[in-house]
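Structure first, then comments.
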Amino acid sequence: MYKKFTLIMAAMAITASSAFASNDETMSDIFITPQNNEAISTPVATNRYGLDFTKAAESTINSVVSIKSFATRKQQQYFGNDFIDPFDFFFGPGFGGQQRKQQQQQQQQKSEPQPIGSGSGVIISEDGYIVTNNHVIDGAEKLEVTLNDNRKFNARVIGTDPNTDIALLKISATKLSPIVFGNSDNVKVGEWVLAVGNPFGLNSSVTAGIVSAKARGVSKGNNVGIESFIQHDAAVNPGNSGGALVNVDGELIGINTMIYSQTGNYAGHSFAIPSTVVNKIVTDIKQYGSVQRAVLGIQFVELDADKAKDENITATTEGVYVNKVNDRSSAKDAGIKEGDVIVGLNGVTIKNGAQMLEEMSKLRPGDKATIKYIRDNKTKTTTVTFKNDQGTTNITKSSDFTSLGCAFLSLTADEKEELGISNGVKVTGLKDGKFKAAGITNGFVITEINNSRVNNQDEVEDIYNAIMRDKDNDKVMFITGIKTNGKKTYIAVDLADPEE
């Protein structure tokens, strides 16, 4: 009987209760890489039973760390939207409730963050840079890193990329043992690999398996944008996420991130983000403060025999079939048309969408690449210059909530009554920034942003972050508000970085 498997983002599960970059010079400052992409000459020992993985394990085990995340648990009880003391609820106001509330508030202020999950990470530089999965550290107020020699450090987040589930951390340490980055493009199906991590909190665990498939596209929901994984059968369990997948030479070829499972534990199928993608993502974060994504500007489906027959394509049954070419896109500028079948990118054969997206993830705006495609059953090539999601070739700079240039105060009940509104926040402390540039002044009251009501600064920031994470081209806040003269108005705030 067929049984459905569930995809597990498998690192935060242990809770308290249970591309090489195009800039080789920059990369050399961050990572240790083999010279000229040659494999390290460490011999792989053999014995009467086959391969001996001791050399690979010894060379990587000190490069993998344990990561624990902490957050403050909220103690309040809620009835509806407002906090109500249980004694006040049952016996009426004044039954000792206020004193109890004060005690609870004091206890909350004194409470320390509690463990909420754990995972793994990989040291990539001697001075303390560590790569892990974004879902390992997401929501944490404090991060504790434990090295293989049991030393512990607090870590700070340098940057994250939820789309690829990658996060870059930093600890205050020196003379660490960084892992050597391998080239995941050279990995072959059937070759031996090791997974190094901390499953179930068991530090420094090593498991072995083989590469089962490359460029594996899987359905992951809306939180992860990378569509091309290394599939392998080395045992990966909760706590392994963010850990290393290495080859028999001890080179990093992937970061383990998820498994297929009915139970949440290992069931034979594990997935790792290719090291070339990881390499490019963390370099972008370190160098630019945000990930630089090249956008081709097409909509496509994977070509198969049925689609090829329907479209009278006889030259190939593999590749990506272009359904639509966006206006003012890189593809349109390069002459790509609807009905073309892309079969190659930068010398790499493209057989499916996963391979296409993996190759795209290694590129930045402004990069040039050769595209090989089929049109009218004839093979053609063209050169494309990639743009960013704003339609330019500029490198985009990191932008955060502070770029708005102001703070937000919740309105009092009297202020709401005076203005005849039930919700809103007041702009205060205005300085140079995106709000001032849009014509907003101190005292301006915002009631809605992009059709969502706001009541406090946290809600404004949540909406801002959602807009900036969105893959749509337009990064705009459409604000409904009230001027200081009482007049209702609408203002559009452009959040995109200006072209340089």
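Every value quoted in this text rests on a predicted model; they were computed, and no experiment measured them.
- Considering only heavy atoms from C-beta on, F478 stays 4.5 Å or farther from I449 through its side chain.
- Looking at V278 and V131, their side chains come closer than 4.5 Å, going by heavy atoms from C-beta outward.
- Atom CG of D376 is surrounded by 12 or fewer heavy atoms from other residues, nucleotides or ligands within 6.0 Å.
- No side-chain donor-acceptor contact under 3.5 Å links T276 and N279.
- For the residue pair N148 and S204, a side-chain donor N or O sits within less than 3.5 Å of a side-chain acceptor on the partner.
- Using a 4.5 Å heavy-atom cutoff, the side chains of V157 and I137 are in contact.
- At most 12 non-hydrogen atoms from other residues, nucleotides or ligands lie less than 6.0 angstrom from NZ of K337.
- Crowding of K372 atom NZ: a count of heavy atoms from other residues, nucleotides or ligands under 6.0 Å not exceeding 12.
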List the steps and the verdict of side-chain contact (heavy atoms from CB on, under 4.5 Å) for M477 and L495. CA-CA 7 Å; M477 274 186 170; L495 302 181; 4.0 Å; yes

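- Remark: K380 fails to qualify as a cation-pi partner of Y373 under the 6.0 Å distance and 45° angle criteria applied to the six-membered ring.
- Using a 4.5 Å heavy-atom threshold, the side chains of F70 and Q114 count as separate.
- Closest heavy-atom contact between V277 and S361: CG2-OG, 3.3 Å.
- Proximity of P162 to T160: side-chain heavy atoms (C-beta onward) are separated by under 4.5 Å at one or more points.
- For S69 against L143, the heavy-atom pair with the smallest separation is CB-CD2, 3.8 Å.
- Taking the ring centre of F386 as origin, the terminal cationic atom of K368 falls outside the region bounded by 6.0 Å and 45° from the ring axis.
- Counting heavy atoms from C-beta on, the side chains of T316 and V341 come closer than 4.5 Å.
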